[in-house]
Structures are given as C-alpha cells and as structure tokens.
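As structure tokens, the structure follows; a few thoughts come after it.
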Amino acid sequence: AIFNTNLKNVNARTYLFVLKKIIFVLSPVFYVPRVDLSNLFPNKAAEVILKNKGKIYTKKMVVTINGNSKKFNLKSYTHDEFKNYDRVILACGLVQRERIKINNKIYNHSNFIKKFENIITIYFEFSESILNLPPMFQLGHPSVIDWVINYEIIKNQKGFLSVVISESKKYESLSSSSLLEIVENELKNRFKLSKPRWSKFINEKNATLINHYERNDSSLETIENFHCIGDYTYKIIPNTVEAAVASSYNLFNKLKELPSVK
C-alpha cells in the first residue's frame with residue numbers, strides 16, 4: 001500500500017485501521033515512496049485550466065452552495081464568495097461532499113458497501129531507454145494495466161517502470177506467472193519494448209478501500225446543471241484514482257452532447 005509521506009491531512013483513525021489491515025496479513029507489503037507523485041495530477045490540470053482562460057483558487061474549499069438551475073453562488077470556509085456560476089461540478093471526496101451545505105441542506109448517505117481489495121504492482125527493468133513514455137499515464141479498456149509509472153523520468157532509473165492493476169479481483173483465477181506474461185506481452189505490443197531483464201510481482205494486500213454508497217440522492221440529481229463526480233460515484237472499479245478520472249470522463253461525455261455546452 002502506498003501512502004503519501006505527508007500524513008497531516010489523513011484521518012488518524014482511518015490511517016491506523018488501514019495500517020492494521022495491511023500488517024496483520026500472511027504476507028504484508030508496505031512501501032512509503034521516496035518521491036511524492038501527487039503533484040503530477042494537479043499541476044497538469046492547472047495548465048489546462050489556465051490555458052483555457054480559467055481561474056484557479058487555492059485554499060478556498062467550498063462549504064456552501066446555493067442556487068438553482070439558472071445561477072449558483074458558492075462560499076468557502078474562509079467566507080470568500082463566488083457568485084453567478086451557470087453550472088457546478090462538485091469534485092471532491094465523499095467525506096467532504098457530505099459536509100457541504102447545498103441549498104441549506106446536507107445530503108448524507110448511510111448505506112455503504114465497505115470492503116478492501118488487493119492491488120497488484122509489477123516492477124520491470126528493460127535494457128532500452130523509456131524516456132519516450134510519460135512519467136505516469138493510464139491505459140484504457142481493454143487493457144489489463146490500469147497505470148504505468150516511468151521511473152526513468154521520475155527517479156532517473158534507466159528502463160525501469162512499474163504497472164498497477166487495481167481490479168485484481170478480475171484476475172484471481174490466473175496465476176502470477178500467467179498474469180505477468182499477459183502484462184509483458186501488452187507492454188511489448190503497445191510500446192515495442194523488449195522482454196524485460198528483470199521483473200517483480202507484488203500482490204499488495206487490502207490496498208484499496210471500496211466504499212461505494214448506495215445512491216440515494218435523487219433530490220440532488222434533480223438540480224439542473226449541478227453534478228457530483230469522484231471515485232465513490234463510479235461503481236465499476238474500486239475507489240482508486242482511475243475511478244475518479246473515469247467519473248470525470250463520463251460527465252464530460254454526457255455534457256458534450258448537450259447543445260448548450262461548448
């Protein structure tokens with residue numbers, strides 16, 4: 001399980017619970033990364049927003065949203081106000097989502113499906129350089145691989161990368177060697193990579209929390225031009241970053257079909 005080394009914003013009770021679930025298993029695997037990868041996402045997102053003449057506000061977490069389908073007014077916990085928005089897309093974690101007042105009401109969900117699932121990480125070393133690949137990127141359906149992390153760019157380790165398989169339950173019937181062979185062939189066919197010089201297969205126990213709620217927010221969904229996205233809204237895969245990304249893509253595809261949205 002990979003934890004950000006900055007734990008100040010992590011709920012202590014949740015952290016200890018997950019730590020306990022990881023340690024008290026037959027084959028515990030616990031890694032703390034030397035390089036924090038979290039900035040790869042917001043930095044890239046910020047570039048896109050600024051390029052399209054958008055604005056970015058930091059340390060202005062929204063706590064109140066009031067309005068209707070015509071206009072929305074937002075207020076931050078520091079009492080800053082952002083008025084007259086035509087559309088609101090609320091992208092945040094479930095805990096924050098249930099603390100926000102929307103039209104003077106907090107929408108709580110008590111029906112949760114909570115369990116843990118393993119994540120499979122496979123490390124490879126190739127003889128050739130892989131500088132042509134991005135530092136971190138996602139592979140879409142029908143790939144077995146969810147994420148590829150390029151350590152040649154991140155840590156200057158030539159030919160070294162790892163792949164992450166979040167939906168490990170789908171491949172429970174396969175042996176480690178069989179799944180490793182499938183991944184090797186996919187890397188070879190997609191990126192013209194040679195057979196790796198070295199590989200390491202790690203099944204990270206109880207690494208992903210699955211807490212999709214049973215949707216019961218019909219009153220929220222009736223508010224036109226108001227949308228919620230996040231890993232917990234996408235039930236097809238566990239609560240991972242790819243679930244959050246997929247929820248955004250789903251909304252984007254839905255909105256681009258509307259004649260009023262450019």
Side-chain angles (χ1 to χ4, degrees), residues 1-3 22 25 27 29-31 33-41 43-45 48 115-210 212 231 233-250 252-253:
I2 298 179
F3 288 91
I22 293 169
V25 293
S27 302
V29 178
F30 183 64
Y31 290 95
R34 293 182 180 178
V35 178
D36 182 4
L37 301 178
S38 61
N39 282 332
L40 287 176
F41 297 102
N43 287 350
K44 292 292 184 181
V48 174
K115 58 181 180 178
F116 289 89
E117 187 171 319
N118 299 352
I119 283 182
I120 295 171
T121 305
I122 310 175
Y123 296 90
F124 295 99
E125 183 183 9
F126 296 91
S127 56
E128 66 267 34
S129 172
I130 52 173
L131 284 174
N132 59 309
L133 300 179
M136 188 174 184
F137 58 97
Q138 186 180 18
L139 296 183
H141 182 78
S143 174
V144 171
I145 303 167
D146 289 310
W147 290 95
V148 179
I149 302 173
N150 186 342
Y151 289 91
E152 183 163 342
I153 292 179
I154 295 172
K155 298 183 67 177
N156 199 29
Q157 295 178 326
K158 182 181 177 182
F160 194 85
L161 63 77
S162 68
V163 303
V164 178
I165 302 172
S166 296
E167 294 183 85
S168 60
K169 185 168 288 187
K170 288 173 59 176
Y171 310 105
E172 285 179 336
S173 60
L174 296 175
S175 65
S176 299
S177 57
S178 298
L179 188 55
L180 180 61
E181 184 178 355
I182 292 172
V183 172
E184 283 185 7
N185 288 332
E186 187 165 357
L187 292 173
K188 176 183 176 182
N189 295 331
R190 285 208 179 200
F191 308 113
K192 309 302 180 185
L193 295 174
S194 63
K195 186 173 179 60
R197 297 168 54 186
W198 172 88
S199 63
K200 177 68 174 178
F201 187 101
I202 297 177
N203 191 356
E204 302 177 46
K205 304 293 184 180
N206 299 317
T208 303
L209 175 64
I210 303 175
H212 298 304
D231 58 1
T233 67
Y234 191 76
K235 292 186 176 181
I236 298 175
I237 57 178
N239 292 36
T240 52
V241 67
E242 56 265 28
V245 171
S247 72
S248 302
Y249 273 115
N250 282 351
F252 169 76
N253 289 329

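FYI, side chains are in, hydrogens and waters are out, and symmetry mates aren't considered; it's all heavy atoms of this structure.
Crowding of N253 atom CG: a count of heavy atoms from other residues, nucleotides or ligands under 6.0 Å exceeding 12. The number of heavy atoms from other shown groups lying within 6.0 Å of CD (E128) is above 12. Applying the 6.0 Å contact sphere to CZ of F201 captures more than 12 heavy atoms from other residues, nucleotides or ligands.
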| Run the side-chain contact (heavy atoms from CB on, under 4.5 Å) check on I165 and L179 step by step: do they pass? | CA-CA 10 Å; I165 302 172; L179 188 55; 4.0 Å; yes
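Residues K195 and K188 form no side-chain contact, since every pair of their non-hydrogen atoms from C-beta on lies 4.5 Å or further apart. Proximity of N250 to T233: side-chain heavy atoms (C-beta onward) are nowhere separated by under 4.5 Å.
Within the model, atoms CD1 of I202 and CG of N118 stand 12.5 Å from one another, a figure rounded to the nearest 0.5 Å. The CD1 atom of I182 sits 12.0 Å away from atom CG of L187, with the distance rounded to the nearest 0.5 Å. Separating the CD1 atom in I120 from the CD1 atom in I145 is a distance of 11.5 Å, to the nearest 0.5 Å. Atoms CG and CG, on L133 and L193 in that order, are 6.5 Å from each other to the nearest 0.5 Å.
Every residue meeting the ring-ring contact (aromatic ring centres under 6.0 Å, His included) condition with F137, not counting sequence neighbours, appears here in chain and number order: F191. Every residue meeting the side-chain hydrogen bond (donor to acceptor under 3.5 Å, both in side chains) condition with S129, not counting sequence neighbours, appears here in chain and number order: E152. Applying the side-chain hydrogen bond (donor to acceptor under 3.5 Å, both in side chains) criterion to K158, with sequence neighbours excluded, gives no partner residue. Partners of S162 by side chain to side chain contact (heavy atoms under 4.5 Å, CB included), not counting sequence neighbours, listed by chain and number: T121, Y123, I149, Y151. Partners of F126 according to the ring-ring contact (aromatic ring centres under 6.0 Å, His included) rule, which considers only residues two or more places apart in sequence or in another chain, are F124.
With respect to N150, the side chain to side chain contact (heavy atoms under 4.5 Å, CB included) criterion is satisfied by exactly one of I130, N132, L131: I130.
Under a 3.5 Å cut-off, the side chain of E184 and the backbone N or O of P196 do not form any donor-acceptor pair.
Here ring-ring contact (aromatic ring centres under 6.0 Å, His included) pairs that include residues 163-185, with residues two or more places apart or in two chains, number zero.
Closest approach of S143 to R190, counting heavy atoms only: CB-NH2, 3.7 Å. S199 and L180 get closest at one heavy-atom pair: OG-CD2, 3.7 Å.
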